[in-house]
**Q** 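Sharing a structure here in structure tokens format.
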Amino acid sequence: MTASTAPYGHLTGPTHLRRLVTAPTAGPLAALVLACAFFSLTTDTFLSGGNFSLIIQQVMVVGTLAVGQTLIILTAGIDLSCGAVMAFGSITMARMAAEGTVPPLVAIALGLAVCSAFGLVNGLLVKLVPLPPFIVTLGMLNVAFALTHIYSNEQTVTDLPGPLTFLGETFPLGDTDVTYGSLVALGLFAVFAYLLSSTSWGRHVYALGNSPEAARLNGIRTGGLTIGIYTLAGLVYGIAALLLISRTGVGDPQAGQTDNLDSITAVVLGGTSLFGGRGSVLGSLVGALIVGVFRNGLQLMGVASIYQTLITGVLVVLAVTVDQISRKRTR
């Protein structure tokens with residue numbers, strides 16, 4: 001593993017401080033702090049606990065998608081199908097549960113299995129055919145989108161049982177109401193941050209992204225690892241589907257149409273390299289929060305939504321430019 005991707009581990013003193021400052025997450029985190037400072041000075045309600053809870057709720061679905069997207073981008077792949085797969089998983093859960101075809105918990109399990117199956121197919125096509133991840137997931141985006149509309153009959157599914165909407169319920173934390181779904185999303189970030197930084201599996205993921213051939217020569221079973229990563233990402237998309245249902249209270253066939261791009265935006269803004277082998281899920285959390293903070297703050301300032309989209313696009317271009325410059329300097 002290269003120095004740029006190894007865990008920070010046992011570094012101490014000035015060396016440790018230097019690595020923290022130059023870590024891929026440092027820049028996005030600084031941008032997030034500056035954005036929060038700016039909007040706290042320009043609006044009256046940005047710093048309230050209720051507003052921060054709202055931001056978390058707004059980004060928890062895209063943030064969860066970004067967890068799976070991060071795993072794939074770390075291997076130098078990309079997944080354009082994540083939003084559509086999530087939508088199909090949510091319709092699967094919602095319709096089965098609403099119609100009473102199966103118990104609600106079984107419907108949730110089947111929705112998770114469907115999303116995992118999409119990830120498995122993506123991984124098999126990428127590794128065994130092999131096909132470029134962009135082409136595979138672009139095709140699966142259309143497949144999942146079509147199946148969502150076919151299975152739902154273009155109808156929004158309502159009157160959902162409690163287990164599907166439970167994560168949308170809130171509990172008090174001080175003067176703020178926090179949803180259980182927000183805790184699930186943050187818990188996913190914590191779990192995958194640990195897996196990537198502190199396990200041999202995580203080190204193999206980074207090695208695969210840096211150089212698949214070198215990883216293979218070092219005894220890593222790159223085929224099984226690639227397929228497993230795409231399948232695991234699909235499972236994460238299924239969890240995002242459940243969070244989506246819990247937040248909206250319905251199964252919406254129109255959901256998730258731009259979430260694939262939003263998840264990529266969060267990953268890129270969080271400092272993960274599109275060329276693989278460099279980045280973290282915690283960075284993706286920061287990236288998702290950057291998008292959420294900017295959209296929330298600009299809305300509080302009365303800025304039109306089209307300008308929010310414009311600013312988000314500029315941020316993405318800047319993040320990729322910084323990544324390119326950083327890669328050239330480390331060669």
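Because only heavy atoms are used, hydrogens play no part in the values below, and waters and symmetry mates are left out as well, while side chains stay in.
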**Q** Identify the two heavy atoms, one from R247 and one from Q57, that lie closest to each other, and give their separation to 0.1 Å.
**A** NE-O, 3.2 Å

**Q** Measure from the side-chain N and O atoms of R216 to the backbone N and O of R221, and report whether any donor-acceptor pair falls under 3.5 Å.
**A**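 No; judged by distance alone, with no hydrogens or angles, the pair does not exist.
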
**Q** Counting heavy atoms not belonging to D159, are there more than 12 under 6.0 Å from its CG?
**A** no

**Q** Walk me through it: do E169 and T165 pass the test side chain to side chain donor-acceptor pair (under 3.5 Å)?
**A** CA-CA 7 Å; E169 297 179 7; T165 59; 5.2 Å; no

**Q** Just list the side-chain donor-acceptor pairs under 3.5 Å for residues 65-78, sequence neighbours left out, or say none.
**A**
{"residue": "Q69", "atom": "OE1", "partner": "D79", "partner atom": "N", "Å": "2.9"}
{"residue": "Q69", "atom": "NE2", "partner": "D79", "partner atom": "O", "Å": "2.9"}
{"residue": "Q69", "atom": "NE2", "partner": "S263", "partner atom": "OG", "Å": "3.1"}
{"residue": "T70", "atom": "OG1", "partner": "A66", "partner atom": "O", "Å": "2.5"}
{"residue": "T70", "atom": "OG1", "partner": "S284", "partner atom": "OG", "Å": "2.6"}
{"residue": "T75", "atom": "OG1", "partner": "I72", "partner atom": "O", "Å": "2.6"}

**Q** Quick check: closest heavy atoms across S81 and L141, and the distance to 0.1 Å?
**A**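 Heavy-atom minimum between the residues: CB-N, 3.5 Å.
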
**Q** If the condition is side-chain hydrogen bond (donor to acceptor under 3.5 Å, both in side chains), which residues does S90 pass it with, not counting sequence neighbours?
**A** none

**Q** Are T265 and V268 close enough, and set up right, to give a side-chain contact (heavy atoms from CB on, under 4.5 Å), and what steps lead you there?
**A** CA-CA 5 Å; T265 298; V268 171; over 6 Å; no

**Q** Does one hydrophobic cluster hold both V102 and L164, with members joined at side-chain heavy-atom distances below 4.5 Å?
**A**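 Yes: a chain of side-chain contacts under 4.5 Å links V102 to L164.
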
**Q** Do L186 and F171 belong to the same hydrophobic cluster, where Ile, Leu, Val, Met, Phe, Trp and Tyr are linked whenever their side-chain heavy atoms lie under 4.5 Å apart, directly or via other members?
**A**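 As far as the 4.5 Å side-chain criterion goes, F171 and L186 are connected within one cluster.
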
**Q** For F88, give me all partners under ring-ring contact (aromatic ring centres under 6.0 Å, His included), at least two apart in sequence or on another chain.
**A**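 If we apply the ring-ring contact (aromatic ring centres under 6.0 Å, His included) test to F88, skipping adjacent residues, the hits are F118.
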
**Q** When you look at CD1 of I306, are more than 12 heavy atoms from neighbouring residues, nucleotides or ligands closer to it than 6.0 Å?
**A**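 Not buried by this count: 12 neighbours or fewer within 6.0 Å.
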
**Q** Does a donor on one side chain sit under 3.5 Å from an acceptor on the other, for T45 and S48?
**A** no

**Q** Could you see if V129 belongs to whatever hydrophobic cluster contains V121? Use Ile, Leu, Val, Met, Phe, Trp, Tyr and a side-chain cutoff under 4.5 Å.
**A** yes

**Q** State which residues pass ring-ring contact (aromatic ring centres under 6.0 Å, His included) with F46; sequence neighbours excluded, sorted by chain then number.
**A**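 For F46 the ring-ring contact (aromatic ring centres under 6.0 Å, His included) partners, ignoring immediate neighbours, are F39, F52.
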
**Q** Who pairs with L235 by side-chain contact (heavy atoms from CB on, under 4.5 Å), at least two apart in sequence or on another chain?
**A**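 L235 satisfies side-chain contact (heavy atoms from CB on, under 4.5 Å) with L112, S116, L232 once adjacent residues are dropped.
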
**Q** What residues form a ring-ring contact (aromatic ring centres under 6.0 Å, His included) with F166, not counting sequence neighbours?
**A** Y180

**Q** Grouping I, L, V, M, F, W and Y whenever their side-chain heavy atoms are under 4.5 Å apart, do L124 and I135 come out in a common cluster?
**A**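 No, L124 and I135 fall in different hydrophobic clusters.
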
**Q** Between T64 and L244, is the side-chain contact (heavy atoms from CB on, under 4.5 Å) condition met? List the steps.
**A** CA-CA 10 Å; T64 301; L244 175 65; over 6 Å; no

**Q** Quick one: does T148's side chain have a donor or acceptor within less than 3.5 Å of a partner on A144's backbone?
**A** yes

**Q** State yes or no: do I56 and L183 share one hydrophobic cluster built from I, L, V, M, F, W and Y residues joined by side-chain heavy-atom distances below 4.5 Å, directly or via other members?
**A** yes

